[in-house]
Every structure is written in structure tokens, then in C-alpha cells.
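Accompanying notes for the structure given below.
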Amino acid sequence: MKTLGFIGMGNMAGAIASGIIEKGLMEGGKVFAYAPHSEKLLKNAKKIGFTPCNTLKELVSRTDTIVMACKPYQIEKVLEEIGKDLKGKALLSVAAGWNFEKYKPHLEKSTRFQFIMPNTPAMVGEGVLLFEEENSLFPEERKEIMKMFEALGVVMELPASLMGIGGALTGCGPAFIDLIIEALGDVGVKYGIARNQAYAMVSQMIKGSATLQLETGDHPGVLKDNVCSPAGTTIRGVDALEHAGVRAAFIDAVDAIMNK
């Protein structure tokens, strides 16, 4: 891969582009982007360091690997315009719902393809990047692309049948955690802590708890038990959460996503 182009330059595309450029994986002059809102595109180009393009055709002509980062409903129209121009190129898609099978009828046989599902923590280099196992990239090319995406967090592979649940956990999960941060922050404010300080301590607590589980590999139940002393304060809080149905609530939330 010598050049990289982004179709769309929203938050996720910006996170990917900035991660790649900032970590020196590719020079800014070899990273290109097109978005219909030229003023915002130029602003992001100055901030991140990529080269803006005036049209989709220009973007494709200047790059050998393209990232489809526009809204899912825009993809068919984009492919109608540039589908034939993707011959012999690699296409990476980070648009939800557009996997290998869905793209197949829209692409020339010589267009190599990989579906990737990132999440918003990738914006700070702490994301989960799910790579669908089914793809048509060259093996060495895929290794290079996976290494590039490691600049944004942890790269994992899943079969097509599990990309949906994987995306529900990692893509929707941050919103669930944000609700927890907000709720615990509110209760901190209720008892006298300044809001910004409450959010900061809760977010750090969640980050630390997650890091502890990842580094020790201990079962979450074991880590929970380690905090719960007999007749102590924590077990009383855990008991209240169990009575409120917190586990069932999370399972129901994911069920609602999967059974839409």
C-alpha cells in the first residue's frame, strides 16, 4: 500500500487518518480524502495533515487503497459513480452493515475488499477494530492493513456470523458505559463533588478496572468478589444492582440491538 484515500471525513475517518499520520505509518502527503462539505474537509486537512480532493474521481485516481467512511445509505450512490474506477484497488469499509457479501454484487472482481468495524474509542487510540474474516485482500496486504489499524487500538478477527454481535458489544457498548459514567457522576454531584471531578474519577475508575481485567485475565466475578468484603459497603451496592436487574438490563439492551 503506497497511498490511502478516505471517502468521507467524519469523526471515525478523522481518527483513523490522524492515527496513521501521527504514528508515522504513512506520510500526510500520501493520505487523501474527499467529502462533499469542502469547508469542513479543508479544516480537517489542515488539522490532521492529509491532502483534500475535489471529487470522488480524483480521490480514486490518486490512491491504491480506499476507505469507505461515508454514511451507509450513501454507499450505493458512491459505488454507482466510482465502482468501475476501483478495478485492481483495495477497498476497506467501516460503514455498519456493509459486509463482504453485501458489497460483492457492487464491486468488480478485481476489487479487493475488507469489512472493518471500529468503535469511537479509536479516536483516542483505545478502540476495538473488528476485521471480518471473509475478505479478498492479498494476505500480505491484509497483514499490513491490520498493523496500520493497530495504531487505533486492538485489532480482532471475527467470522461474518459474529460481526453483528461483536459490533453490538464494541460499537454500541461505549454508549452504555457513557450512561454509567453519567449516572455515577450525577450521584457524585448529589453528594457534593464537582461535576467535572466526578466524571473524571468515574472515567478513570472504569479505565483502571478494565485495565486490571485485561492485564490479569481474571474472571470479572473474581475481581468483583475481591472488592466485596463480608457485610461491607460494596456488597450492599452490588446487592442493590442485582435487585434492580442490572445484568438483565444489559442483556436486554443487546437483545434489542440484535433483534431489530
Side-chain angles (χ1 to χ4, degrees), residues 1-71 74-75 78-79 81-95 98 103 107-108 110-132 135-157:
M1 178 177 57
K2 296 180 180 179
T3 52
L4 183 66
F6 290 84
I7 298 174
M9 188 42 68
N11 289 336
M12 190 55 64
I16 297 170
S18 60
I20 289 167
I21 294 170
E22 286 176 10
K23 298 209 173 182
L25 298 173
M26 189 170 284
E27 295 174 6
K30 295 180 180 179
V31 179
F32 301 82
Y34 166 78
H37 303 293
S38 57
E39 188 177 333
K40 186 177 179 181
L41 180 68
L42 291 172
K43 185 178 179 181
N44 283 329
K46 187 176 181 180
K47 177 183 176 183
I48 297 171
F50 61 79
T51 303
C53 295
N54 294 316
T55 66
L56 279 170
K57 293 274 189 182
E58 179 192 350
L59 175 83
V60 176
S61 69
R62 300 181 73 174
T63 55
D64 55 47
T65 302
I66 294 98
V67 179
M68 187 74 80
C70 60
K71 302 294 185 184
Q74 298 172 321
I75 291 177
V78 170
L79 291 175
E81 183 175 345
I82 62 162
K84 292 181 180 178
D85 301 316
L86 295 173
K87 288 181 179 179
K89 296 179 183 287
L91 178 65
L92 316 177
S93 181
V94 296
W98 277 78
Y103 264 98
L107 299 177
E108 297 282 340
S110 66
T111 303
R112 304 180 303 283
F113 178 77
Q114 173 71 66
F115 173 43
I116 304 166
M117 193 173 290
N119 66 355
T120 52
M123 296 170 67
V124 291
E126 294 290 347
V128 178
L129 300 307
L130 302 179
F131 273 61
E132 183 181 21
N135 70 93
S136 53
L137 296 178
F138 298 137
E140 288 304 314
E141 177 181 49
R142 190 167 190 257
K143 286 181 182 179
E144 181 185 6
I145 289 168
M146 292 178 81
K147 184 176 181 180
M148 180 178 72
F149 272 79
E150 285 176 356
L152 307 173
V154 176
V155 170
M156 296 184 179
E157 290 183 88

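Just so you know, residue 1 is the first one in the sequence shown, and it goes up from there.
Residues Val31 and Phe6 have side chains in contact (heavy-atom distance under 4.5 Å, counting atoms from C-beta outward). Counting heavy atoms from C-beta on, the side chains of Val128 and Leu130 come closer than 4.5 Å. Side chains of Ile7 and Ile82 form a contact here, defined as non-hydrogen atoms less than 4.5 Å apart. Side-chain contact check for Tyr103 versus Leu79: some heavy-atom pair is nearer than 4.5 Å. A 4.5 Å side-chain heavy-atom check between Val67 and Ile116 finds every atom pair outside the cut-off. Contact check for Tyr34 versus Val60: no side-chain heavy atoms found under the 4.5 Å cut-off. Contact of the Asn11 side chain with the Met123 side chain is registered, since non-hydrogen atoms from C-beta on lie closer than 4.5 Å.
Here the closest non-hydrogen pair linking Ser110 and Gly88 is OG-N, 3.0 Å. Between Leu129 and Ala122, the shortest heavy-atom distance links the atoms CD1-CB, 4.4 Å. In plain terms, the two heavy atoms of Leu42 and Pro52 that are nearest each other are CD2-CG, 3.7 Å. Between Ile75 and Cys70, the shortest heavy-atom distance links the atoms CG1-SG, 3.9 Å. Taking every heavy atom of both residues into account, Ala69 and Ala13 meet most closely at CB-CB, 3.7 Å. Contact record, Leu41 with Ala33: CD2-O, 3.8 Å, taken as the closest heavy-atom pair.
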Between Phe115 and Trp98, does the ring-ring contact (aromatic ring centres under 6.0 Å, His included) criterion hold? Intermediate values first, please. CA-CA 7 Å; Phe115 173 43; Trp98 277 78; 9.9 Å; no

Using side chain to side chain contact (heavy atoms under 4.5 Å, CB included), reason through Lys40 and Asn44 one step at a time and then give a plain yes or no. CA-CA 6 Å; Lys40 186 177 179 181; Asn44 283 329; 3.9 Å; yes

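Within the 3.5 Å criterion, the main-chain N or O of Thr3 finds a donor-acceptor partner in the side chain of Asp64. Side-chain N or O atoms of Thr63 include none that pairs as donor or acceptor with a backbone N or O of Leu4 at under 3.5 Å. Lys87 contributes no side-chain N or O that, together with a main-chain N or O of Glu108, makes up a donor-acceptor pair within less than 3.5 Å.
Lys43 contributes atom NZ, which lies 13.5 Å from atom OG of Ser38 (distance to the nearest 0.5 angstrom). With values rounded to the nearest 0.5 angstrom, Leu91 atom CG is found 9.0 Å from Leu137 atom CG. The distance from atom OG1 of Thr111 to atom NZ of Lys89, rounded to the nearest 0.5 Å, is 9.5 Å. For the atom pair NZ of Lys2 and NZ of Lys30, the computed distance is 8.5 Å after rounding to the nearest 0.5 Å.
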Only distances under 3.5 Å count here; give the side-chain donor-acceptor pairs of residues 138-154 to other protein atoms, sequence neighbours excluded, each with its distance to 0.1 Å.
{"from": "Glu141", "atom 1": "OE1", "to": "Arg112", "atom 2": "NE", "distance (Å)": "2.8"}
{"from": "Glu141", "atom 1": "OE1", "to": "Phe138", "atom 2": "N", "distance (Å)": "3.1"}
{"from": "Glu141", "atom 1": "OE2", "to": "Arg112", "atom 2": "NE", "distance (Å)": "3.3"}
{"from": "Glu141", "atom 1": "OE2", "to": "Arg112", "atom 2": "NH2", "distance (Å)": "2.8"}
{"from": "Arg142", "atom 1": "NE", "to": "Gln114", "atom 2": "OE1", "distance (Å)": "2.6"}
{"from": "Arg142", "atom 1": "NH1", "to": "Glu157", "atom 2": "OE1", "distance (Å)": "2.7"}
{"from": "Arg142", "atom 1": "NH2", "to": "Gln114", "atom 2": "OE1", "distance (Å)": "3.4"}
{"from": "Arg142", "atom 1": "NH2", "to": "Glu132", "atom 2": "O", "distance (Å)": "3.1"}
{"from": "Arg142", "atom 1": "NH2", "to": "Glu157", "atom 2": "OE1", "distance (Å)": "3.3"}
{"from": "Glu144", "atom 1": "OE1", "to": "Met1", "atom 2": "N", "distance (Å)": "3.3"}

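With Phe113 as the fixed residue, the side-chain contact (heavy atoms from CB on, under 4.5 Å) test singles out one of Leu107, Asn135, Leu92: Leu107.
Lys57 meets the side-chain hydrogen bond (donor to acceptor under 3.5 Å, both in side chains) test with Asp85; sequence neighbours excluded.
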